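All heavy atoms count here, side chains included; hydrogens, waters and symmetry mates do not. Letters A, B, ... mirror the listed sequences (proteins, then strands); counts begin at 1. As the structure is a prediction and not an experimental result, all values here were calculated from the model.
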Amino acid sequence: MFYGTELTSRLMLGTAQYPSPQVLRDAIAASGAEVITVSLRREGREGGAFREILKDSGCRLLPNTAGCHSAREAVTTAQMARELFGTDWIKLEVIGHADTLQPDPFALVEAAHILCAEGFEVFPYTTEDLILGEKLIEAGCRVLMPWGAPIGSGQGLSNRSGLARMRAHFPDVPLVIDAGIGAPSQAAEAMEMGFDAVLLNTAVASARNPVAMARAFGQAVEAGLAAHEAGLMPRRDMARASTPVFGMAELAG
Amino acid sequence: MRIELNGARVETGAITLAELVAERGFPETAVATALDGAFVPRGARADTALAEGARVEVLTPMQGG
């Protein structure tokens, strides 16, 4: 499903901004996530403890290129991440705007071309733009990760109809809603719409109780997936009584 | 020679990237390296010479979203 990897849990969890390493550890476990995102930064003193958490989690790692603003930076970061984390998976982020953290679509496609040619399995952080999605697939991407809303904004699916069109346009491409999810209900909504997974970080890490929130998101994603598979009823504009009229008593005077 | 290591100017006696990693006490297998913006694989560090003003990045796993 995701480059040949089947996932039971469709929640992917970020590892940043937690109040403590222990809370991070417990949140990963409570979420049920099988994929966690990680990053690369200049060598500090606490690197060893974090490596332990990653190992103990048993999760598959999805390194990101967060903070990169050019294709070259992103490619170099991806190459460093592959050696360090021992995986071909890379969450490709090439940021185009400082306020919205919107992807730079042109640099994103350029970097995706280079990385796919080098054997990376690229998870591009993209928008709901259909043509951009096509170009990423032409570049060799076999997963797309459209944003729900700007990173860390908690707004949910801010262009729901655009995302629905994207889902319909790429029926066979695994699509992951990445960024902007603030509440479990929004994650469930994405899954009900047929998205294959949800990736989030801030909504869990900045909750008053991150571990409980991680569990809530895990349950919401599971419920949303089950609902999608069960088949949602069509929406109607007018009411339709659910209790049968047949056999009703005549009581009106 | 003077180089830039993770954004800080440092004076080093190291001639190669491998020597620099050892000199600074970085855990050799737990870091990834880049020279002047290009990735240098672990196996190539010993053959990668440093020049005056070289920009070296030594990165490690960190929390990310």
Side-chain angles (χ1 to χ4, degrees), chain A residues 12-18 21 24 28 36-55 61-67 70 72-73 75-86 91 93 101 118 125 151-152 178-179 181 199-206, chain B:
Chain A
M12 301 180 181
L13 191 64
T15 57
Q17 302 173 324
Y18 290 80
L24 167 60
I28 294 170
I36 54 176
T37 59
V38 291
S39 181
L40 282 184
R41 288 293 179 260
R42 287 167 171 171
E43 167 70 16
R45 289 296 144 234
E46 72 283 19
F50 184 57
R51 285 193 289 274
E52 280 298 306
I53 293 177
L54 299 184
K55 208 170 84 195
L61 302 181
L62 177 57
N64 69 26
T65 63
S70 70
R72 182 162 192 256
E73 279 176 285
V75 167
T76 299
T77 303
Q79 291 166 334
M80 296 172 88
R82 174 152 72 177
E83 181 181 84
L84 207 45
F85 294 109
K91 178 185 166 187
E93 292 182 42
L101 299 181
E118 291 185 10
Y125 164 62
I151 296 172
D178 174 15
I181 297 290
L199 197 166
L200 56 93
N201 189 152
T202 310
V204 168
S206 65
Chain B
M1 106 182 96
R2 287 177 79 82
I3 63 156
E4 203 173 294
L5 175 61
N6 286 352
R9 289 224 183 98
V10 298
E11 181 73 35
T12 178
I15 305 295
T16 67
L17 191 52
E19 286 176 24
L20 180 71
V21 168
E23 177 193 278
R24 298 285 148 171
F26 290 123
E28 187 191 343
T29 57
V31 294
T33 50
L35 174 62
D36 295 328
F39 170 55
V40 180
R42 194 175 297 147
R45 287 178 199 155
D47 299 325
T48 302
L50 298 177
E52 185 75 26
R55 287 182 303 114
V56 176
E57 293 285 345
V58 179
L59 305 187
T60 192
M62 201 58 66
Q63 294 85 340

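B/Ala32 approaches A/Glu83 most closely through the heavy-atom pair CA-OE1, 4.1 Å. For the residue pair B/Gly65 and A/Thr37, the shortest heavy atom distance occurs at C-OG1, 3.2 Å. Of all non-hydrogen atoms in A/Ser39 and B/Gly64, the two that sit nearest each other are CB-CA, 3.7 Å. Between A/Met80 and B/Phe39, the shortest heavy-atom contact is CG-CD1, 3.5 Å. In this structure, A/Leu24 and B/Gln63 approach most closely via the heavy-atom pair CD2-CG, 4.5 Å.
Heavy-atom neighbours of B/Glu28 CD from other residues, nucleotides or ligands within 6.0 Å: at or below the threshold of 12.
Using a 4.5 Å cut-off between heavy atoms, A/Tyr18 does not touch chain B at all. Contacts between A/Glu73 and chain B at a heavy-atom distance below 4.5 Å are absent for every atom of the residue.
For chain A, the option among B/Gly7, B/Gly37, B/Pro27 with the highest count of heavy-atom pairs below 4.5 Å is B/Gly37. Put simply, of A/Leu40, A/Asn201, A/Leu61, the one with the most heavy-atom pairs under 4.5 Å next to chain B is A/Leu40. Counting heavy-atom pairs closer than 4.5 Å to chain B, the top residue among A/Leu54, A/Thr202, A/Thr15 is A/Thr15.
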(request) Let me see the working for B/Leu59 and A/Arg42 under side-chain contact (heavy atoms from CB on, under 4.5 Å), right down to the final yes or no. (result) CA-CA 4 Å; B/Leu59 305 187; A/Arg42 287 167 171 171; 3.9 Å; yes

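Of the inter-residue distances, the one linking B/Arg42 atom CZ with A/Leu84 atom CG reads 7.0 Å to the nearest 0.5 angstrom.
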